[in-house]
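Report on the following structure.
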Amino acid sequence: MKKRNSGWKVIALLMSMAMVLGGCGSSEKEGTVKEAEEASALNASEVQEDEVVQGSEDAQDSGIIIPELTIEQSSIPDSEALEFVKNMKTGWNLGNTLDAYSGSDNAGLASETSWGNPETTREMISAVKEAGFETVRIPITWHNHLERAEGSDEYTVSSEWLDRVQKVVDYAMDNDMYVIINIHHDTAEDVYYPDSAHYEQSEKYIVTVWEMVAERFKDYDEHLIFESMNEPRLVGSSYEWNFQESVQECKDSADCINRLNQAFVDTVRKSGGNNAQRYLMVPGYAASLAGVTTDLYQLPQDSAENKLIVSTHAYTPYSFALQPQSEGGSTDKFNVEGGTGRAEIDSLMSALYQKFVSQGIPVVMGEYGARNKNDNLQDRVNFYAYYIASARAKGISCCVWDNGAFAGNGEMFGILIRQKCIWAYPEVVEAIMKYA
């Protein structure tokens, strides 16, 4: 048990950041977090460090309890791929950082801190490893780091940006961690957009970026995992977060996503080196449960045997984990003993288990989490413990979403105070590790 005193309230106010969430999207049905296209945040470097340290180090026992859970372990097939995902244990997202963007073709290295988080350091990633996380997911946006030939439609990724990405990847690899890198906030009609009207340019973009990334990292071992896209979807449409498999627009989009995933796999495999056998993650529509459990979702054909991982996200139950408090139906309570919230998590994990894991196909939950609502720490601890226990019982590994936001009116998913490498909510980390 641990305690939080009034000093933490001061930290929350000092670290107030207008929320810009990168990873995910907002949907009552699918429970993903809506990606922000504009960011306005108080730069975390302006926080008074002595007050941050005081607020964190003064925490003492306040009666927060990590629940004791017993969840029956499902039968997991004997599979090298499933064992690989099991060894990934539990992960952490470096959110709102290398995925931050301003919309220009080449924003330079300043984009990393443009959404209010500090520059990533080796010490940050070491703190994540020391806490027990075995995996770090590094969301990366590329469209604002392109260099175009004058008078040509051809473009390449800035070598300066690739160097920076590699440096951060190395922080994690040097800590013997699994690392996931992807194409993140690049879903737009002028970049890649998963419908037939934009397919040609979309495939060109996916292939161009992954050719360069695959070449840069082809000698890295299997601890480095490539994820084709983050939550590919029809941005701006009425189906953006509401996939309907019977609707023609959704059918078309699902088909385009399958084709883009195939182009990704083919591009990586032909790049040679360790990429010939690297584990690759491929999402369905919006990385949602509906997007991968539909028969419209198809795993790519692959020259490597059983090296594909289904990528999905779920901020479930939506009413607790993600829904704004100002909306009707939102709750800041999670009953670990039972109730609809727990049942929704069970249903989510069972669906993924039945469709994939039971068939020997690995699944990684690339994003999940519960936003801070009225400092409801005990309920969030209950949620994290149950979510991870339920996932691991089904052979699924998960990466918690951390956007570095601790206060304000937005989506507060911050866990690590990156400026000081201190965990704002050590009880949350303890709950995750207890069942990881």
Side-chain angles (χ1 to χ4, degrees), residues 22-27 29-30 32 34-35 37 99 101 139-143 146 153 155 157 181-214 226-270 280-303 308-314 355-356 361 363-364 366-367:
C24 358
S26 190
S27 160
K29 283 191 131 184
E30 305 302 338
T32 52
K34 186 172 183 177
E35 293 174 302
E37 295 190 353
D99 54 319
Y101 68 95
I140 307 166
T141 295
W142 302 92
H143 76 267
L146 302 180
D153 292 334
Y155 51 85
V157 175
I181 60 175
N182 71 355
I183 287 179
H184 209 77
H185 289 302
D186 292 328
T187 313
E189 291 187 357
D190 60 347
V191 187
Y192 91 83
Y193 197 81
D195 68 3
S196 292
H198 299 86
Y199 185 79
E200 185 175 348
Q201 74 177 43
S202 299
E203 183 178 287
K204 177 182 177 180
Y205 182 80
I206 297 296
V207 169
T208 298
V209 171
W210 280 114
E211 279 180 342
M212 297 198 68
V213 175
F226 296 161
E227 179 184 29
S228 63
M229 300 168 282
N230 178 75
E231 299 176 356
R233 64 197 188 280
L234 299 174
V235 175
S237 82
S238 58
Y239 301 107
E240 180 172 1
W241 302 111
N242 183 29
F243 180 76
Q244 300 290 323
E245 65 178 4
S246 62
V247 174
Q248 182 55 39
E249 292 97 315
C250 293
K251 290 181 179 180
D252 176 65
S253 187
D255 177 65
C256 288
I257 291 167
N258 288 338
R259 293 161 65 191
L260 291 173
N261 278 332
Q262 185 67 62
F264 156 72
V265 170
D266 292 345
T267 299
V268 172
R269 294 297 183 227
K270 74 179 182 181
L280 305 177
M281 290 172 59
V282 286
Y285 187 92
S288 63
L289 177 66
V292 294
T293 53
T294 174
D295 289 339
L296 297 174
Y297 174 75
Q298 298 293 324
L299 285 173
Q301 297 295 310
D302 191 6
S303 56
L308 299 180
I309 300 171
V310 175
S311 173
T312 188
H313 301 168
K355 176 83 173 183
F356 300 110
I361 301 169
V363 175
V364 167
E367 294 179 20

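Predicted, not measured: the structure shown is a model, and the values here were computed from it. Residues take their numbers from the sequence shown, with the count starting at 1.
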Could you tell me whether the side chain of Leu296 reaches within less than 4.5 Å of the side chain of Lys251, counting heavy atoms only? yes
Note, Ser253 side chain near Phe243 side chain (heavy atom, < 4.5 Å): no
Answer yes or no: is there a side-chain heavy-atom contact under 4.5 Å between Asn230 and His313? yes
Look at the rings of Tyr101 and His143 and say which category their plane angle falls in: under 30° parallel, 30 to 60° tilted, over 60° perpendicular. perpendicular
Compare all side-chain heavy atoms of Val292 with those of Pro283 and state whether any distance is below 4.5 angstrom. no
For the side chain of Ser228 and the backbone of Asn261, is there at least one donor-acceptor N/O pair under 3.5 Å apart? no
Does the side chain of Leu146 reach to within under 4.5 Å of the side chain of Val157, using non-hydrogen atoms? yes
Sub-4.5 Å side-chain heavy-atom contact between Tyr199 and Leu260: yes
Among side-chain atoms of Tyr192 and Thr187, is any donor-acceptor pair under 3.5 angstrom? yes
Would you say the side chain of Phe226 lies within less than 4.5 Å of the side chain of Asn182, judging by non-hydrogen atoms? no
From Ile140 atom CD1 to His184 atom NE2, the distance as rounded to the nearest 0.5 Å: 10.0 Å
So CG of Asp266 and CZ of Arg259: to nearest 0.5 Å the spacing works out to 13.0 Å
